[in-house]
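Notes to accompany the following structure.
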Protein chains: 2
Amino acid sequence: MAKETASASTELKIKQAARKIFMQKGYAAARTRDIAEAAGINLALLNYYFRSKEKLFDIIMLENLQQFIEGIKEILNNRQTSLEQKTETIVTNYINLLTQQPDLPLFVLHELRTHPKEIISKIDRDKFIHRSYFMQQIKDAAKERKAASINPLHFLMNIISLTIFPFVASPIIQNIGGLNQQDFNALMEERKKLIPKWIKAIMQKK
Amino acid sequence: MAKETASASTELKIKQAARKIFMQKGYAAARTRDIAEAAGINLALLNYYFRSKEKLFDIIMLENLQQFIEGIKEILNNRQTSLEQKTETIVTNYINLLTQQPDLPLFVLHELRTHPKEIISKIDRDKFIHRSYFMQQIKDAAKERKAASINPLHFLMNIISLTIFPFVASPIIQNIGGLNQQDFNALMEERKKLIPKWIKAIMQKK
DNA sequence: GTCTATATACGGATAGAC
DNA sequence: GTCTATCCGTATATAGAC
């Protein structure tokens, strides 16, 4: 019992350390020694728990992806909320998440592209975004307006681009704007209100 | 003379191969052996020309950054063109560039974050964007309108987010939308006209 | 479960012949 | 300039003691 508790907590420590190191360095540059050290345990123990660097990575990656998708699924399929409300919720949720973990999107996107494995199939294997009520709402909104209809993919790309990209490019943005971390976070806080407004303006434009 | 010609062409072949492999795998995962093979030469020769993997990388990276910035400097400081024209030119130029080299932004952004070197200082060491005529035009436009003034940084973030992020996230976008490479490129082609329109709509919104 | 010590593999870099 | 053969550091993974 005491062993199991220790075991669980050790496993968790390793995973937390792994998440940190993997996100900082990327998979290839991350060293299992560093992960072990950051977890306050020995290298051999890491392999005892997770068998290999690759296996450990797969677990972290999967959890990250789930975290990314977690929540958004319900938001997109909520039949009670308007398109505007969904947009606002998505933007707010992601900005909150990424303010805590700014390295998350770049890490996921980079490993998704470079890693030979088919992690991508796990992202959206049931195509839930494509079939979501959200997508239906976009199509309907386009039909109902006299304005030229907007491709739902453009709409979706716009929301996530405006929300996520500033975090991905934050080193450059902070450099250009002469911003420290706090300034940058304040800017992102502003965007919680601004992006939904902008999206609305884009939709109304002919 | 014949030697020098061969030398120059070999050096170029190595650089082209290096650019390709580095962009595909990232710095850490890229193997000099693979670069040599892709260049059709031997590993020893690579070190003969570039001394080390690190040195070769620095050269490739610097060239990529210059490519990224190349052109945009003149565009931003052109005193003859309007804000709308500049926006359209920037969007078109980047979409053209990234359609040819879709891995470029993710590679640059990832290495910028993970590589211990201070590459970033080279990006904008003279703060040319911040001091550009373009930035002045944004500030002026904000003043002249009755609409609430927009932070120039938000304006800039919006343009590059809407333009670049779709390429960064293209695997996910193609997965969600069920698009092949041609479909995706067609979508980006559409955005050349759409993004400037959207930016205009955003600006006019109170 | 956790450690120390070690086997093994891989990748960057060099020596030296041509 | 270009090659083959090889060295050597580093990083993953395992053996085996506690």
Side-chain angles (χ1 to χ4, degrees), chain A residues 1-62 107 110-111 114-117 119, chain B residues 1-62 107 110-111 114-117 119:
Chain A
M1 190 67 158
K3 293 265 182 179
E4 284 170 9
T5 304
S7 163
S9 102
T10 300
E11 190 174 331
L12 187 62
K13 276 196 303 182
I14 296 174
K15 274 166 62 172
Q16 285 171 336
R19 167 169 290 109
K20 186 182 161 192
I21 302 290
F22 277 139
M23 297 228 293
Q24 278 175 1
K25 311 265 190 95
Y27 174 78
R31 285 157 48 212
T32 50
R33 283 174 157 80
D34 291 341
I35 295 174
E37 189 187 4
I41 53 97
N42 189 274
L43 169 61
L45 201 55
L46 184 150
N47 284 293
Y48 172 79
Y49 275 101
F50 296 95
R51 190 66 188 172
S52 77
K53 179 187 180 182
E54 181 82 21
K55 293 238 188 358
L56 175 55
F57 172 78
D58 286 347
I59 292 171
I60 300 297
M61 190 64 179
L62 193 60
F107 168 73
H110 178 253
E111 301 302 340
T114 59
H115 235 255
K117 314 197 59 169
I119 325 172
Chain B
M1 193 65 163
K3 292 262 181 179
E4 283 169 7
T5 304
S7 165
S9 104
T10 300
E11 191 174 330
L12 187 62
K13 276 195 305 183
I14 296 173
K15 274 165 63 172
Q16 285 171 337
R19 166 170 292 110
K20 184 183 162 192
I21 302 291
F22 277 139
M23 299 228 291
Q24 277 176 5
K25 311 267 189 94
Y27 174 78
R31 286 156 51 215
T32 50
R33 285 174 156 79
D34 291 341
I35 296 174
E37 190 186 4
I41 54 98
N42 188 274
L43 169 60
L45 202 55
L46 184 151
N47 284 294
Y48 171 79
Y49 275 102
F50 296 96
R51 186 69 187 173
S52 77
K53 178 186 182 184
E54 180 83 22
K55 293 242 189 352
L56 175 56
F57 172 78
D58 286 347
I59 291 171
I60 300 298
M61 190 65 177
L62 194 61
F107 168 72
H110 178 255
E111 301 303 339
T114 59
H115 234 254
K117 314 199 59 172
I119 325 173

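Reminder, nothing fancy here: chain letters follow the sequence lines and each chain counts from 1.
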Beyond-backbone contact of B:Y49 with B:L56, side-chain heavy atoms, under 4.5 angstrom: no
Below 3.5 Å is the cut-off: list the nitrogen or oxygen pairs between protein and nucleotides 8-11 of chain D, distance only.
unit_1	atom_1	unit_2	atom_2	d
D:dA11	OP1	A:R31	NE	3.4
D:dA11	OP2	A:R31	NE	3.4

Distance, rounded to the nearest Å, where B:I35 contributes CD1 and C:dG12 contributes P: 8 Å
Any residue meeting ring-ring contact (aromatic ring centres under 6.0 Å, His included) with A:F50, in chain and number order, not counting sequence neighbours: none
Rounded interatomic separation in angstrom, taking CG from B:L43 and C1' from C:dG11: 9 Å
Under 4.0 angstrom between A:T10 side-chain N/O and C:dT2 OP1 or OP2: yes
Whole-Å distance separating the CG atom of B:L45 from the P atom of D:dA5: 17 Å
Flag, side chain of A:E111 to backbone of A:Y27, donor-acceptor distance under 3.5 Å: yes
Closest to the A:A44 side chain, choosing from C:dT2, C:dA13, D:dA15: D:dA15
Donor-acceptor contact below 3.5 Å, side chain B:K25 vs main chain A:H115: no
Residue closer to the 5' end of DNA chain D, B:N42 versus B:Y48 (nearest nucleotide): B:Y48
B:N47 side chain near C:dA13 phosphate (N/O to OP1/OP2, under 4.0 Å): yes
Rounded interatomic separation in angstrom, taking CD1 from B:I41 and P from D:dT4: 11 Å
Side-chain heavy atoms of A:I35 within contact of A:R31, under 4.5 Å: no
Residues from residues 17-28 of chain A lying under 4.0 Å of DNA chain C - heavy atoms: none
